[in-house]
Amino acid sequence: MSGPTAVVLGAGSWGTAFAKVLADAGTDVRIWARREQVAAAINDTRTNPDYLPGRRLPDRITATSDAAKAIDGAEIVVLAVPSQTLRRNLAEWVPYLAPDSTLVSLMKGIELGTLKRMSEVIVEVTGVATDRVAVVSGPNLAAEIADEQPAATVVACTDTDRATLIQAAISTPYFRPYTNDDVIGAELGGAVKNVIALACGIATAMNLGDNTKATLITRGLAETSRLGVALGADPLTFAGLAGMGDLVATCSSPLSRNRTFGEHLGRGETLEEAQAATKQTAEGVKSCLSIRDLARRHDVEMPITEQVERVCHEGLSPRVAMAALMARSTKPE
Ligand SMILES: NC(=O)c1ccc[n+]([C@@H]2O[C@H](COP(=O)([O-])OP(=O)(O)OC[C@H]3O[C@@H](n4cnc5c(N)ncnc54)[C@H](O)[C@@H]3O)[C@@H](O)[C@H]2O)c1
Ligand SMILES: O=P(O)(O)OC[C@H](O)CO
């Protein structure tokens, strides 16, 4: 049985793995790749050697670098570009969007300057109603999903029917989506865990052990929830897949780009040196700035985010940052 047609805009690791999920769930998928050579490789070799090497992609997937052709008629439009380029990319794609298509955000970041969540950027740029935007977020390291290792995720949308439609379009024997109507919580969980994963990577490179990392994860979740509640999220979301689930996966996994980036910083490399060693998007590096600013705007304390920002962007030594976290005034949990 054929499902709705879908387009995935962005042929990076998660965009490509997510296209495979859609295809495996019975949906015909077009992938838009920024570079023609990536689109050609997907069509000719059934793999994406640059972003997901060694994983065979289903025949239901085709790729193009022509956005108009890719988007034409798609009922599900999946956005999988880096958070900070979304606004620019989407502005070019608006004319091609089908009326009543569902826009699905895979991105885990907060826009610099505007401090907007990705769904807010989507609504602002396209003018679509909020209930046409869904967010997919959870413990979903792309390589593991592409290898069909069992995992679950959250489809968050204020329109339950749309959430259910997306849930059906991505349900496979190895990928289990749950619906949720808390878009704010799902997006904040996804964006802030990247910052906490940077902290865990820094701690890993400092040879600190599991107590330290569990402390960062748990107190990281506390500051994520504080910000989320201030912005109107349901605190329970942070105990779920898009909160704790994603935080634990990202902070624990050597596959995480954010944690790996943190390890570079923890070894004493500068931001520029760490960036030179990283080809893919580590969203937390930029979003730690916007999340810190969002927290300040809402008068929410986010001490780990503050220290990660200082290590990333102000050259603070990881040892001084860790000492500053431990020297904070004592308080009840
Ligand atoms: N990789 C994962 O495991 C994973 C899982 C869940 C969510 N995410 C999130 O999904 C989003 C996309 O991540 P990814 O892993 O696919 O990233 P990636 O780094 O693997 O690839 C990013 C893609 O965006 C393209 N790109 C880069 N700059 C661009 C620009 N200026 N305009 C248009 N396209 C541009 C790249 O060519 C590439 O195709 C991120 O927000 C990430 O946090 C990633
Ligand atoms: O590789 P990262 O650090 O971008 O994390 C990937 C996913 O967000 C994990 O769910």
Expected list for residues 65-73: side-chain donor-acceptor pairs under 3.5 angstrom, two or more places apart:
residue: S65; atom: OG; partner: E36; partner atom: OE1; Å: 2.6
residue: D66; atom: OD1; partner: A68; partner atom: N; Å: 3.1
residue: D66; atom: OD1; partner: K69; partner atom: N; Å: 3.2

For T160, side chain to side chain contact (heavy atoms under 4.5 Å, CB included) partners two or more places apart
T164
Where the side chain of E283 meets the backbone of M107, is there a donor-acceptor pair that is under 3.5 Å apart?
no
Would the distance check show the side chain of N48 and the main-chain N or O of T16 forming a donor-acceptor pair, the cut-off being under 3.5 Å?
no
Residue pairs fulfilling side-chain hydrogen bond (donor to acceptor under 3.5 Å, both in side chains) with at least one residue in residues 109-128, sequence neighbours excluded
R87-E111, R87-E124, E111-T114, K116-E124, R117-S119, R117-E120, R117-E187, S119-E187
The complete set of side-chain hydrogen bond (donor to acceptor under 3.5 Å, both in side chains) pairs with one or both residues in residues 218-230, sequence neighbours excluded, reads E223-T305
In this structure, which one of L22, V21, D24 forms a side-chain contact (heavy atoms from CB on, under 4.5 Å) with F175?
V21
If we ignore hydrogens and angles and just use 3.5 Å, is the side chain of Q167 paired with the main-chain N or O of P177 as donor and acceptor?
yes
Residues in ring-ring contact (aromatic ring centres under 6.0 Å, His included) with F18, at least two apart?
W14
Pairwise salt bridge (Lys or Arg N to Asp or Glu O under 4.0 Å) hits with a residue in residues 151-161, at least two apart:
D159-R162
Residues in side-chain hydrogen bond (donor to acceptor under 3.5 Å, both in side chains) contact with R296, at least two apart in sequence or another chain:
E306
Here the pair of heavy atoms bringing S287 nearest to Q84 is OG-NE2, 4.0 Å
Taking all non-hydrogen atoms of both residues into account, name the closest pair between P254 and S252 and its distance.
CD-O, 3.6 Å
F238 six-ring face occupied by K193 cation (under 6.0 Å, within 45°)
no
What pairs with A230 under side chain to side chain contact (heavy atoms under 4.5 Å, CB included), at least two apart in sequence or on another chain?
H298, V300
Side chain S290, main chain L115, donor-acceptor under 3.5 Å
no
Residues pairing under side-chain hydrogen bond (donor to acceptor under 3.5 Å, both in side chains) where one sits in residues 133-145, two or more places apart or in two chains, turn out to be N140-T153
Just list the side-chain donor-acceptor pairs under 3.5 Å for residues 317-329, sequence neighbours left out, or say none.
residue: S317; atom: OG; partner: R319; partner atom: N; Å: 3.2
residue: S317; atom: OG; partner: V320; partner atom: N; Å: 3.2

With no hydrogens and no angle check, is any side-chain donor or acceptor of H264 less than 3.5 Å from a backbone partner on L271?
no
Within the distance-only criterion (no hydrogens, no angle test), does the side chain of N180 pair as donor or acceptor with the backbone N or O of A156 below 3.5 angstrom?
no
K108 backbone acceptor or donor facing N194 side chain under 3.5 Å
yes
Does any pair with a residue in residues 228-237 pass salt bridge (Lys or Arg N to Asp or Glu O under 4.0 Å), and if so which ones, sequence neighbours excluded?
none
Please answer whether the main-chain N or O of L289 pairs with a side-chain N or O of E309 as donor and acceptor at a distance below 3.5 Å.
no
Among residues two or more places apart or on two chains, list those pairs meeting ring pair (Phe, Tyr, Trp, His ring centres under 6.0 Å) that have a residue in residues 71-110.
W32-W93
Has the side chain of N258 got a donor or acceptor atom that lies under 3.5 Å from a matching backbone atom of G284?
yes
